[in-house]
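Shown next, in structure tokens, is the structure this report addresses.
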Amino acid sequence: MLANKCQTALSARTFSRWQLFQGHATVWKRCLTVALSEEPHMPVIATEIPGPRSRSLFQELNAIQQASSVQFFADYEKSVGNYLMDVDGNILLDVYMQISSMPLGYNHPAMLKTLADPVNQKIIANRPALGIFPGKEWPDKLKKILLHKEIAPPGLSHVTTMMCGSCSNENAFKTIFIWYAEKQRKGSSFTKEEIETCMINQLPGTPQFSILSFKGAFHGRTLGSLSTTHSKYIHKIDIPAFDWPTASFPRYKYPLDENIRENQREDKRCLAHVEELFEKFKTEKKIPVAGVIVEPIQAEGGDNHASPEFFQELQRITKKHGAALLIDEVQTGGGPTGKMWCHEHFDLEFPPDLVTFSKKMQLGGYYHIESLKYKISFLLLII
């Protein structure tokens with residue numbers, strides 16, 4: 001069971017995890033085991049899947065929106081732990097967990113208790129615009145929860161919260177582009193020409209920068225993130241995209257211990273392609289690479305892994321070219337690899353410049369190093 005696996009992976013950690021909205025300590029091990037006694041003993045198949053009730057609901061939904069991806073309709077009131085019940089009474093052992101977004105399973109008492117807290121209900125109901133009117137407890141919550149030393153990626157001291165994984169990557173891209181432009185501007189203010197041309201999407205106010213990504217990657221389906229997604233054609237076809245570089249990601253031969261030389265050559269081939277694209281987009285295309293985005297493990301693209309040595313050298317190449325390294329931990333963050341963040345396995349020389357998160361973390365956002373903090377006040381946006 002997922003909870004038992006998580007408990008085993010985290011058994012060495014005896015520290016308290018922090019509940020996001022309440023801000024008080026809760027023993028993680030206890031939260032992992034509370035709901036297990038309520039789980040069914042095994043899956044139960046009562047009807048074909050999708051069953052008659054699911055098929056009827058599908059017709060209703062498909063009449064008002066595109067619903068072709070729907071598999072069946074769930075009964076979330078009856079779902080518990082690792083088991084998802086559908087509206088036809090089928091009980092399924094769920095290894096999908098809402099695209100890897102349910103760290104404690106369905107209807108976990110600790111999660112329900114947190115959401116039932118009147119303080120948290122008011123936060124949710126009043127939908128604060130955190131960039132303009134954050135609540136009085138917000139700085140303390142960020143420090144005690146997301147920036148807690150056992151939660152934050154080592155070496156990253158700043159965090160910005162978002163709603164989802166795709167918008168986390170999208171806004172991380174903007175942070176990279178602003179940082180890159182500020183370096184080129186060397187402390188100067190915006191020119192009149194920059195201010196005017198950015199309003200019509202023209203140079204120099206709208207600079208030609210790019211984000212390098214990898215074949216097989218998935219980073220989301222909003223417009224900028226989609227330009228770095230290369231896992232399935234159906235996500236991208238008919239949708240305009242930026243002319244940004246796409247490098248090869250290693251495809252190893254297995255077993256690893258029998259193919260060491262071949263896989264080392266594969267690392268070198270892919271890294272040489274990264275170097276080639278940095279140069280090509282700078283000198284030929286005049287769209288310099290401001291940042292590189294990479295998943296520690298390609299999930300949507302087919303469970304593709306790369307060696308620590310690959311990531312170490314990728315960081316060195318990125319730094320050599322004055323770009324930022326963004327590690328997308330939307331799928332891998334939150335502990336599923338045995339460490340809080342998958343990139344901790346890679347023994348990088350420096351912390352990544354940015355790390356995005358969502359899913360199991362129960363909210364989106366990105367961590368970053370201090371130098372990527374905006375130099376200009378965005379109060380200009382509202383005055």
Side-chain angles (χ1 to χ4, degrees), residues 169 172-173 176-177 179-180 183-184 207-219 224-233 236 241-329 331-332 342-356 369:
N169 285 325
F173 293 169
I176 290 171
F177 291 143
W179 164 79
Y180 197 80
K183 288 198 302 178
Q184 295 190 341
Q208 295 293 300
F209 301 149
S210 63
I211 300 290
L212 184 148
S213 54
F214 290 87
K215 296 175 182 178
F218 183 89
H219 299 294
S225 296
L226 189 59
S227 290
T228 61
T229 287
H230 315 286
S231 54
K232 295 180 177 70
Y233 81 88
K236 298 173 66 71
F242 293 110
D243 183 13
W244 290 353
T246 306
S248 299
F249 192 82
R251 294 294 186 268
Y252 291 152
K253 293 183 178 180
Y254 293 87
L256 292 176
D257 58 358
E258 297 177 11
N259 293 279
I260 293 173
R261 290 183 179 178
E262 292 87 344
N263 292 336
Q264 287 176 340
R265 285 196 293 268
E266 177 69 355
D267 277 354
K268 290 179 180 178
R269 180 186 73 84
C270 295
L271 291 165
H273 193 201
V274 171
E275 283 271 22
E276 176 188 332
L277 289 170
F278 261 105
E279 291 297 333
K280 179 179 181 179
F281 273 72
K282 179 181 179 181
T283 59
E284 295 180 26
K285 286 183 168 286
K286 309 299 183 184
I287 312 174
V289 175
V292 173
I293 184 168
V294 64
E295 299 160 280
I297 300 171
Q298 287 188 343
E300 182 87 13
D303 192 24
N304 301 315
H305 298 241
S307 67
E309 292 77 17
F310 172 84
F311 286 99
Q312 292 164 13
E313 185 60 25
L314 177 64
Q315 184 179 59
R316 284 191 281 270
I317 293 171
T318 304
K319 283 190 175 293
K320 181 179 75 173
H321 289 278
L325 177 61
L326 163 55
I327 295 187
D328 178 350
E329 293 251 25
Q331 284 273 20
T332 53
C342 185
H343 73 265
E344 294 182 73
H345 292 283
F346 301 151
D347 193 25
L348 297 176
E349 185 176 359
F350 304 99
D353 298 301
L354 307 94
V355 173
T356 49
I369 58 176

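Numbering of residues begins at 1 and proceeds along the displayed sequence. All values below were derived from every heavy atom in this structure, side-chain atoms included, with hydrogens, water molecules and symmetry-related copies excluded. Not measured: the values here are computed from a predicted model.
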Q) Considering only heavy atoms from C-beta outward, does the side chain of Leu348 approach that of Ile327 to under 4.5 Å? A) yes

Q. In Å and rounded to the nearest 0.5 Å, what is the CZ to NZ distance from Phe209 to Lys286?
A. 14.0 Å

Q: Test His305 against Tyr254 for side chain to side chain contact (heavy atoms under 4.5 Å, CB included), laying out the working first.
A: CA-CA 11 Å; His305 298 241; Tyr254 293 87; 4.3 Å; yes

Q) To the nearest 0.5 Å, how far apart are CD in Glu329 and CD in Glu344? A) 8.0 Å

Q | Which atom of Phe249 lies closest to which atom of Val294, heavy atoms considered | A | CE1-CG2, 3.9 Å

Q) Of the non-hydrogen atoms in Pro352 and Ile369, which two are nearest, and what is the gap between them? A) O-CG2, 3.7 Å

Q) Quick one: does Leu326's side chain get under 4.5 Å of Asn169's, heavy atoms only? A) yes

Q: Could you tell me whether the side chain of Glu349 and the main chain of Arg316 form a donor-acceptor pair under 3.5 Å?
A: no

Q.
Are more than 12 heavy atoms, taken from residues, nucleotides or ligands other than Lys268, located less than 6.0 Å from that residue's NZ atom?
A. no

Q. How are the rings of Phe311 and Phe346 set to each other: parallel, tilted or perpendicular (split at 30° and 60°)?
A. parallel

**Q.** Pair His230, Ser213: side-chain N/O donor-acceptor within cut-off below 3.5 Å
**A.** yes

Q: State, to 0.1 Å, how close Leu271 and Leu314 come at their nearest heavy-atom pair, and which atoms those are.
A: CD2-N, 3.8 Å

Q: In sequence, state the C-alpha distance, the side-chain angles, and the governing distance for Lys320 and Glu275, and then conclude on side chain to side chain contact (heavy atoms under 4.5 Å, CB included).
A: CA-CA 10 Å; Lys320 181 179 75 173; Glu275 283 271 22; 2.5 Å; yes

Q: Kindly say whether Gly216 contributes a backbone atom to a donor-acceptor pair with the side chain of Ser231 at under 3.5 angstrom?
A: no

Q: Verify, without hydrogens or angle tests, whether Gln312 (side chain) and Ser307 (backbone) share a donor-acceptor contact under 3.5 angstrom.
A: no

Q: Would you check if Phe173 and Ser225 make a side-chain contact, meaning some heavy-atom pair closer than 4.5 Å?
A: yes

Q: Ignoring hydrogens and angles, tell me if any N or O in the side chain of Asp328 forms a donor-acceptor pair with the backbone of His219 under 3.5 Å.
A: no

Q: Kindly compute the distance separating OG (Ser227) from CD1 (Ile293), expressed to the nearest 0.5 Å.
A: 11.5 Å

Q) When you look at Thr228 and Phe242, which way does the side chain to side chain contact (heavy atoms under 4.5 Å, CB included) test go after all the steps? A) CA-CA 9 Å; Thr228 61; Phe242 293 110; over 6 Å; no

Q. If you measure from CD on Glu300 to NZ on Lys232, what distance do you get to the nearest 0.5 Å?
A. 3.5 Å

Q: Return yes if some donor-acceptor pair links the side-chain N/O of Gln208 with the main-chain N/O of Ile287 below 3.5 Å, else return no.
A: no

Q) Which pair of non-hydrogen atoms, one from Ala323 and one from Val289, has the smallest distance, and what is that distance? A) CB-O, 3.6 Å

Q) Are the side chains of Phe218 and Gln331 in touch, meaning some heavy atoms are under 4.5 Å apart? A) no

Q | Rounded distance (nearest 0.5 Å) linking atom SG of Cys342 with atom CD1 of Ile297 | A | 4.0 Å

Q: Using a strict 4.0 Å threshold on nitrogen-to-oxygen distance, state whether Lys282 and Glu279 make a salt bridge.
A: no

(Q) Closer than 3.5 angstrom, by distance alone: can the side chain of Asp353 be matched with the main-chain N or O of Leu325 as a donor-acceptor pair? (A) yes

Q | Shortest non-hydrogen separation from Phe310 to Cys270 and the atoms involved | A | CE1-CB, 3.9 Å

Q: Determine whether Phe281 and Thr283 make a side-chain contact, defined as any pair of heavy atoms from C-beta on separated by less than 4.5 Å.
A: no

Q) Mind checking whether Ser210 and Asp243 have side chains closer than 4.5 Å, heavy atoms only? A) no

**Q.** Tyr180 side chain reached by Pro288 side chain, heavy atoms, under 4.5 Å
**A.** yes

**Q.** Nearest atoms (heavy-atom pairs only) where Trp179 meets Gly322
**A.** CH2-O, 3.5 Å

Q.
How about OH on Tyr233, more than 12 heavy atoms from neighbouring residues, nucleotides or ligands closer than 6.0 Å, or not?
A. no

Q) Could you give the distance from CG (Asp267) to OG (Ser248), rounded to the nearest 0.5 Å? A) 12.0 Å

